[in-house]
Amino acid sequence: VQLQASGGGLVQAGESLRLSCAASGRTVGSYIMGWFRQAPGKEREFVATITRSGGSTRYADSVKGRFTCSRDNAKNTVYLQMNSLEPKDTAVYYCAATTYGMPTHEAAYAYWGQGTLVTVSS
């Protein structure tokens with residue numbers, strides 16, 4: 001499966017963005033999907049994951065209550081709605097796919113998109 005993340009941009013603190021991750025090659029419904037981010041000078045970290053059906057999600061504590069992960073398997077797309085953005089959310093955001101569990105470790109994800117940059121100004 002090939003993944004393409006999009007929707008990043010420059011916003012002010014408190015604003016919202018919605019990231020999209022479009023899949024091609026295979027249906028996104030075959031995969032558990034995850035979102036990760038990498039801030040400048042930092043390691044990539046887990047943000048969210050969602051089951052194949054979308055019935056269950058899991059979030060990093062740092063985004064819980066502000067970010068929502070969803071999916072539309074008919075459109076072969078997964079989303080990350082980001083509300084109440086803060087400067088500390090500035091990072092390149094990646095979507096990734098796996099076939100088991102709801103892992104929070106990047107090593108568990110076999111397929112990765114190219115990343116989209118989110119910049120939050122104060």
Side-chain angles (χ1 to χ4, degrees):
V1 65
Q2 291 78 46
L3 304 173
Q4 177 86 23
S6 62
L10 173 62
V11 297
Q12 293 188 332
E15 294 184 339
S16 300
L17 273 178
R18 188 178 78 160
L19 305 183
S20 298
C21 177
S24 60
R26 287 196 66 180
T27 174
V28 75
S30 300
Y31 300 93
I32 296 114
M33 299 297 294
W35 286 96
F36 288 76
R37 66 186 182 185
Q38 186 167 21
K42 296 188 176 182
E43 294 186 351
R44 191 153 54 184
E45 64 176 4
F46 168 76
V47 175
T49 183
I50 186 168
T51 54
R52 290 180 178 87
S53 68
S56 184
T57 52
R58 186 176 180 182
Y59 299 94
D61 288 342
S62 59
V63 306
K64 205 172 292 183
R66 299 187 300 122
F67 290 12
T68 302
C69 185
S70 63
R71 64 193 300 159
D72 186 340
N73 289 339
K75 294 184 178 180
N76 236 17
T77 303
V78 179
Y79 304 98
L80 185 68
Q81 177 67 42
M82 305 185 296
N83 298 331
S84 302
L85 283 162
E86 303 171 2
K88 66 179 181 179
D89 296 316
T90 295
V92 177
Y93 283 72
Y94 299 88
C95 59
T98 186
T99 55
Y100 62 93
M102 293 183 72
T104 61
H105 297 292
E106 62 175 294
Y109 290 82
Y111 307 98
W112 290 82
Q114 87 291 357
T116 186
L117 177 62
V118 173
T119 304
V120 185
S121 63
S122 57

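Within the structure, side chain to side chain donor-acceptor pair (under 3.5 Å) contacts touching residues 93-108 (residues at least two apart or in different chains) are R37-Y93, R44-E106. Under the ring-ring contact (aromatic ring centres under 6.0 Å, His included) criterion, the residue pairs touching residues 8-57 are Y31-Y111, F36-F46, F36-Y109, F36-W112, with sequence neighbours excluded. Every pair tested for disulfide bond (SG atoms under 2.5 Å apart) that includes a residue from residues 51-83 fails, sequence neighbours excluded, so the list is empty. The ring-ring contact (aromatic ring centres under 6.0 Å, His included) contacts involving residues 57-76 comprise nothing, where partners must be two or more places apart or lie in separate chains. Residue pairs that meet the disulfide bond (SG atoms under 2.5 Å apart) test with at least one member in residues 28-64, sequence neighbours left out, do not exist here.
By the criterion of side-chain heavy atoms lying less than 4.5 angstrom apart, applied directly or through intervening Ile, Leu, Val, Met, Phe, Trp or Tyr residues, L3 is grouped together with V78 in one hydrophobic cluster. Both V1 and V28 are part of a single hydrophobic cluster, where members link through side-chain heavy atoms under 4.5 Å apart. Taken together through direct or relayed side-chain contacts under 4.5 Å among Ile, Leu, Val, Met, Phe, Trp and Tyr, V47 and V118 form part of one hydrophobic cluster.
The minimum heavy-atom distance linking V92 with G115 is given by the pair CG1-CA, 3.8 Å. For the residue pair A13 and S122, the shortest heavy atom distance occurs at CB-CA, 4.4 Å.
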Could you walk me through whether D89 and R66 pass the side-chain contact (heavy atoms from CB on, under 4.5 Å) check?
CA-CA 11 Å; D89 296 316; R66 299 187 300 122; 2.7 Å; yes
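Note: L17 CG to Q81 CD = 8.5 Å, rounded to the nearest 0.5 Å. For the atom pair OG1 (T90) and CG (L117), the distance works out to 8.0 Å, reported to the nearest 0.5 Å.
The backbone N or O of R52 sits less than 3.5 Å from a side-chain atom of N73, completing a donor-acceptor pair. Under the 3.5 Å distance criterion, the side-chain polar atoms of R71 are left unmatched by any main-chain donor or acceptor of G54. In terms of modelled atom types and a separation under 3.5 Å, the side chain of N83 and the main chain of S16 share no donor-acceptor contact. With hydrogens and angles ignored, the 3.5 Å screen pairs a side-chain donor or acceptor of T49 with a backbone N or O of M33. A donor-acceptor pair under 3.5 Å is formed between the side chain of T51 and the backbone N or O of S56.
In this structure A22 satisfies the side chain to side chain contact (heavy atoms under 4.5 Å, CB included) test together with T77, sequence neighbours excluded. Here A110 pairs with nothing under the side chain to side chain contact (heavy atoms under 4.5 Å, CB included) rule; sequence neighbours left out. Judged as a side chain to side chain contact (heavy atoms under 4.5 Å, CB included), and not counting sequence neighbours, the contacts of S70 are Y79. With sequence neighbours excluded, no residue forms a salt bridge (charged side-chain N to carboxylate O under 4.0 Å, His left out) with K42. In this structure, the salt bridge (charged side-chain N to carboxylate O under 4.0 Å, His left out) partners of K88, at least two apart in sequence or on a different chain, are E86. In this structure E43 satisfies the side chain to side chain contact (heavy atoms under 4.5 Å, CB included) test with no other residue, sequence neighbours excluded. With sequence neighbours excluded, the residues satisfying disulfide bond (SG atoms under 2.5 Å apart) with C21 are C95.
With contacts defined as side-chain heavy-atom distances shorter than 4.5 Å, the pair Q114/Q4 qualifies.
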